[in-house]
Amino acid sequence: MLVQQSSQLKEEIMRLKKEKDVVILAHNYQIPDVQDVADFTGDSLGLSRQAATVPQKTILFCGVNFMAETAAIISPEKKVLIPDLEAGCSLSDSITLDELKNWKMQHPEAIAVGYVNTTAEIKSELDYCCTSSNAVNVVNTIPKDKEILFLPDMFLGSYVAKMTGRKNIHIWAGECHVHAGITPEDVIKKLDSMNDTELVIHPECGCTTPFMYDVADGSYDEKKVSILSTEGMLKHVSKSKSKNFVVATETGILYKMRKDNPDKTFVAASEKAECQYMKMITLEKVYDALINEKHIVTVPKEIADKARLAINRMLAIS
Ligand code: 13P
Ligand code: SF4
């Protein structure tokens, strides 16, 4: 899109959201143009908190389906819109309702802890929901002798098991294709190409598990390697005195890192780490969603009522 066209569209979106009293929430992986028109950008936990508290009656969610569904569950009195219904998530697709019910049947005493990257149906079968920023703390609130089923991300699950020291966690073998595709070789190549570099890693990055284990064991200088949610990464790089960072997560986050820290250098661990679902949300679709009030995200009441219990537990733990 031409710069002039895009700035006209942005102006029109800003005018429309005011006129229609709509709040735009955008995930940190959204394209720069979409982040520019958002009222709030953030990680899954931060955006869920915004969805619960914003005064507007309509939320336009620029992210993927499970995020918009979570907003609709938290705020049933609000209208939640998503610009493209096809914006899915390979991680949330990695467990079905039947699979979860079967798994629970095999471990009838276990507590089910699920990542926010799950469908509303799956959430309705969970005891606790968590995000990458509070997964360790959520698991730490569960009595040590209780068996845990952790789903669906195996890398976040093994990180949580390592950090909490629990041996009684069963972990579902799901993964996000974007984060799992970032290899240790990618990371090492980038680290070797720069001096005095910090590494920030999202815990969904399976192939960086060796780094996570080294950090958890204390083998790395903690200041040099940090495992964080996307919002945690943004806060960390702004606070850090380091000037160079290798960033192991979806590349959309680099836009805000660079904007907030013009004097620092940020390099993607892998330029290929792009989520095609997140990138489905374009400025044109945001405009269309505002004009035509689409697409409305609904969750059946009986599913939403059950799922809300697990989500509220997630929101209560930082
Ligand atoms: P954050 O909650 O860290 O933003 O990550 C969620 C995610 O992976 C969305 O794709
Ligand atoms: Fe899902 Fe991975 Fe895309 Fe996040 S980056 S929305 S976990 S597919």
Side-chain angles (χ1 to χ4, degrees), residues 1 6 9-10 13 23-48 50-51 59-72 80-94 115-120 131-133 152-153 155-156 174-182 186 200-206 228-234 247-260 266 268-290 294-295 297:
M1 203 193 315
S6 112
L9 207 45
K10 281 182 187 169
I13 289 169
V23 65
I24 300 184
L25 305 183
H27 188 265
N28 290 323
Y29 299 158
Q30 290 289 292
I31 60 168
D33 277 344
V34 170
Q35 294 195 35
D36 286 346
V37 294
D39 296 282
F40 299 100
T41 52
D43 64 3
S44 310
L45 187 61
L47 294 178
S48 300
Q50 289 295 344
I59 297 171
L60 177 51
F61 212 113
C62 297
V64 294
N65 262 321
F66 74 81
M67 296 179 175
E69 269 185 354
T70 305
V80 177
L81 306 173
I82 188 163
D84 191 330
L85 282 171
E86 299 296 309
C89 170
S90 59
L91 181 54
S92 80
D93 287 346
S94 65
Y115 197 25
V116 70
N117 298 38
T118 44
T119 62
T131 72
S132 56
S133 71
D153 191 276
F155 303 115
L156 179 64
E175 64 176 28
C176 152
H177 71 295
V178 179
H179 287 89
I182 301 173
D186 289 332
V200 285
I201 308 177
H202 194 279
E204 280 173 31
C205 287
L228 297 160
S229 73
T230 57
E231 200 57 28
M233 284 183 179
L234 284 162
V247 182
T249 191
E250 210 271 354
T251 55
I253 198 168
L254 296 170
Y255 174 62
K256 194 149 188 266
M257 283 184 172
R258 289 173 178 150
K259 199 165 109 181
D260 292 350
F266 300 96
S270 164
E271 284 78 17
K272 285 185 287 192
E274 260 206 9
C275 174
Q276 69 269 40
Y277 302 114
M278 285 283 179
K279 276 25 179 189
M280 280 179 177
I281 312 297
T282 60
L283 221 42
E284 289 89 343
K285 288 181 193 170
V286 172
Y287 175 76
D288 195 28
L290 276 170
K294 68 180 196 185
H295 302 272
V297 178

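The chain is numbered in sequence order, starting from 1. Side chains are part of it too, since the values below use all heavy atoms of this structure and drop only hydrogens, waters and symmetry mates.
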Review point. Any donor and acceptor pair, going by atom type alone, linking the side chain of Asn65 with main-chain N or O of Leu85 inside 3.5 Å?
Key: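 Side chain of Asn65 to backbone of Leu85, a donor-acceptor pair under 3.5 Å: yes, one is there.
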Check your understanding: Side chain of Gln30, backbone of Gln35: donor and acceptor closer than 3.5 Å?
Key ->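 No; zero donor-acceptor contacts below 3.5 Å.
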Could I get the full list of side-chain contact (heavy atoms from CB on, under 4.5 Å) partners for [X], not counting sequence neighbours?
X: Ala269; result: Ile182, Val187, Val246, Ala248
X: Ala120; result: Glu69, Ile73, Val299, Ile303
X: Lys272; result: Ser270
X: Glu274; result: Glu250, Thr251, Lys279

Between [X] and [Y], what is the shortest heavy-atom contact and its length?
X: Gly174; Y: Ser94; answer: CA-OG, 3.6 Å
X: Ala273; Y: Val178; answer: C-CG1, 3.6 Å
X: Ala289; Y: Leu81; answer: O-CD1, 4.0 Å
X: Ile24; Y: Val37; answer: CD1-O, 3.8 Å
X: Ala68; Y: Val297; answer: CB-CG2, 3.9 Å
X: Cys62; Y: Val286; answer: SG-CG2, 3.9 Å

Hey, what do you get for [atom1] ([X]) to [atom2] ([Y]), rounding to the nearest 0.5 Å?
X: Gln50; Y: Leu45; atom1: CD; atom2: CG; result: 10.5 Å
X: Thr131; Y: Leu47; atom1: OG1; atom2: CG; result: 10.5 Å
X: Ile281; Y: Ile82; atom1: CD1; atom2: CD1; result: 5.0 Å
X: Ile253; Y: His202; atom1: CD1; atom2: NE2; result: 8.0 Å
X: Tyr277; Y: Tyr29; atom1: OH; atom2: OH; result: 15.0 Å
X: Ile13; Y: Tyr287; atom1: CD1; atom2: OH; result: 8.5 Å

Please tell me if the side chains of [X] and [Y] come closer than 4.5 Å, counting only heavy atoms from C-beta onward.
X: Pro83; Y: Leu60; result: yes
X: Thr70; Y: Phe61; result: no
X: Cys176; Y: Asn117; result: no

With sequence neighbours excluded, what pairs up with [X] under the salt bridge (Lys or Arg N to Asp or Glu O under 4.0 Å) test?
X: Glu271; answer: Lys190
X: Asp93; answer: none
X: Lys285; answer: Asp84
X: Asp186; answer: none

Exercise for review: Report the C-alpha separation of His295 and Glu86 in whole Å, then their side-chain angles, then the decisive distance to 0.1 Å, and conclude whether the side-chain contact (heavy atoms from CB on, under 4.5 Å) test is met.
Suggested key: CA-CA 11 Å; His295 302 272; Glu86 299 296 309; over 6 Å; no
Point to revise | Counterpart residues, ring pair (Phe, Tyr, Trp, His ring centres under 6.0 Å), relative to Phe266 (two or more places apart) | key: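 Scan of Phe266 (ring pair (Phe, Tyr, Trp, His ring centres under 6.0 Å), adjacent residues dropped) gives Phe245.
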Check your understanding: Listed by chain and number, what are the side chain to side chain donor-acceptor pair (under 3.5 Å) partners of Ser90, not counting sequence neighbours?
Key ->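 In terms of side chain to side chain donor-acceptor pair (under 3.5 Å), with neighbours along the sequence ignored, Ser90 is linked to His177.
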**Study point:** Partners passing side chain to side chain donor-acceptor pair (under 3.5 Å) against Lys259 (at least two apart in sequence or in another chain)
**Key:**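 With neighbours one apart ignored, the set is empty.
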Check your understanding: Which is it for Tyr115 and Ser92 under the side-chain contact (heavy atoms from CB on, under 4.5 Å) test, yes or no, and what are the steps along the way?
Key -> CA-CA 9 Å; Tyr115 197 25; Ser92 80; over 6 Å; no
**Study point:** Selection residues 39-48 - residue pairs positive for side-chain hydrogen bond (donor to acceptor under 3.5 Å, both in side chains), sequence neighbours left out
**Key:**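 Only Lys17-Asp39, Asp43-Ser229 qualify under side-chain hydrogen bond (donor to acceptor under 3.5 Å, both in side chains).
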